[in-house]
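Notes to accompany the following structure.
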Number of protein chains: 2
Amino acid sequence: MEFFRFIVAQIINCSPEEWEGFAKQIRVQEFKKNVFLAEANRVPDEVFFIEKGLIRVLINDSKGTEQTFHFATEGQFIADYASYLRMQPAHYSLQALEDTRVVVIPRAAIDWGYAHMKQGEKLGRLVAEQYFSYHDDRIKQTFSLTPKERYHKIEEVFPGILNRIPQHMIASYLGISSVHLSRIKNQK
Amino acid sequence: MEFFRFIVAQIINCSPEEWEGFAKQIRVQEFKKNVFLAEANRVPDEVFFIEKGLIRVLINDSKGTEQTFHFATEGQFIADYASYLRMQPAHYSLQALEDTRVVVIPRAAIDWGYAHMKQGEKLGRLVAEQYFSYHDDRIKQTFSLTPKERYHKIEEVFPGILNRIPQHMIASYLGISSVHLSRIKNQK
DNA sequence: TAGCTTTCTAAACATTTGTTATCGTTTTCA
DNA sequence: TGAAAACGATAACAAATGTTTAGAAAGCTA
């Protein structure tokens, strides 16, 4: 939990009393490799903070194929946040790709933070802004770069990812087939 | 300005005194059709709220071609928000596609709101969350739908848009060529 | 109104990307 | 440890999408 405390302290001022009240409502949980932290079609009621490990966010397309939507690693928050906000059934599932330790932050804790922590709203704002900016970059890249160019930039966004996960997940993250990714890699 | 006041009041509680202090720092501005409200490569220092009209957000890809990234209409906030947040040169330009009236909200006003309005941070959070959710839907659709399916859903996101703007802008918003969009339309 | 520009469609052809199948290698796990 | 599964590369072919060009209709402007 110290890592999480450290990150929060980097974003906002949070008194020991505030932290104590908040920390009572959250918990640490471990997930083995390949286990799902959250599944599509359920209303998400918590946000995760990754202390260790690697999570992928996946969605089933209209043909029923699993598409990798996103990766998240140490120090990041992760959830089907849009569905969380709207209190609607999730479209995404979250899966641990390695043994992973997360802080589980239930909705009640988040709402408590907004109501009782001086900079709670600010924390929420900054996290949303950061997450938004990531998404914005993502869309921007799909507009302005070819799959090949995107592949060569992926390490900038997720350092070390190429050695941590299988290629077909990279391919679907890039929006292409794994065969095509294989081709791209061998084009020099 | 009343429309803007009305929308803000729908999102947060804002006392007359707070509004007065805030309103002093913002202004209304009109832009003729085809005029640019903001240009790429400049650090954005304001956010716009659209009271009337239609704005497109565009980006130049690596070949120098204009790509339509986004549309925004009455009642929405618009900016190259990621660049605004990072105080970095914008990647997007904003262009009025019709005669448009906006409320110009400078960075100073926004920061003033965070510092002096009780629910200022909350407003910022909710706007960021909303904008994030829109982006999330957008990426989700590009993953799970074909261009044809996306075309048929565009009116859900931007009601009436198909009759307001030329087809090549729709095409680049969908990520396809205008010729291909023409094909799709005539497939029944 | 006349002329110029933009817009949309269409056809032909080129390029990109997907699909399927195969094969050798690596990883997993019972 | 050994069998099964997953993985990555490759080839052949198919489908989707882009590019170029042309022409007719619509819109804009002097």
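Lettering follows sequence order; numbering is per chain, from 1. In what follows, every heavy atom counts, from backbone to side chain, and hydrogens, waters and symmetry copies are set aside.
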Round to a whole Å and report the spacing from CD1 of B/I176 to P of C/dT16. 18 Å

Atom CD of A/E98 to atom P of C/dT27: distance rounded to whole Å? 15 Å

Test your reading of the model: is there a side-chain donor-acceptor pair from A/T100 to the backbone of A/A96, 3.5 Å cut-off? no

Round to a whole Å and report the spacing from NE2 of B/H180 to P of C/dT15. 18 Å

Atom pairs under 3.5 Å: protein N/O with N/O of nucleotides 10-12 of chain C:
{"residue": "C/dA10", "atom": "OP2", "partner": "B/N186", "partner atom": "ND2", "Å": "2.8"}

Taking only the side-chain nitrogens and oxygens of A/K185, find out if one of them lies under 4.0 Å from OP1 or OP2 of D/dA9. yes

Step-by-step side-chain contact (heavy atoms from CB on, under 4.5 Å) determination, A/R27 to A/V103: CA-CA 6 Å; A/R27 68 177 193 277; A/V103 177; over 6 Å; no

Nucleotide D/dG8, atom P - distance to CG of A/L162 in whole Å: 11 Å

What is the distance from CD of B/Q187 to C1' of D/dA16, rounded to the nearest Å? 10 Å

Can a donor-acceptor pair be found between the side chains of B/Y92 and A/D136 at a distance below 3.5 Å? yes

Counting only side-chain nitrogens and oxygens, does B/K148 get under 4.0 Å of the OP1 or OP2 atom of D/dT17? no

C/dT9 phosphate, OP1 or OP2: any side-chain N/O from B/Q167 under 4.0 angstrom? yes

Between B/K33 and B/G175, name the one whose nearest nucleotide on DNA chain D is closer to the 5' end. B/G175

Using a 3.5 Å distance criterion without hydrogens, assess whether the side chain of A/S182 forms a donor-acceptor pair with backbone atoms of A/S178. no

Is it the case that the side chain of B/S172 and the backbone of B/T68 share a donor-acceptor pair, with hydrogens and angles ignored and the cut-off at 3.5 Å? yes

B/I184 atom CD1 is separated from D/dT17 atom C1', nearest whole Å, by 9 Å

Measure CD1/A/I165 against C1'/D/dG8 and give the value in whole Å, please. 14 Å

Distance test, side-chain N/O of A/H168 to OP1/OP2 of D/dG8, below 4.0 Å: no

Grab the OH-P distance between A/Y151 and D/dG8 for me, whole Å please. 10 Å

Ring pair (Phe, Tyr, Trp, His ring centres under 6.0 Å) against A/Y81, all qualifying residues, sequence neighbours excluded: A/Y84, B/F132

Got a salt bridge between A/E66 and A/R56, using NZ or NE/NH1/NH2 to carboxylate O under 4.0 Å? yes

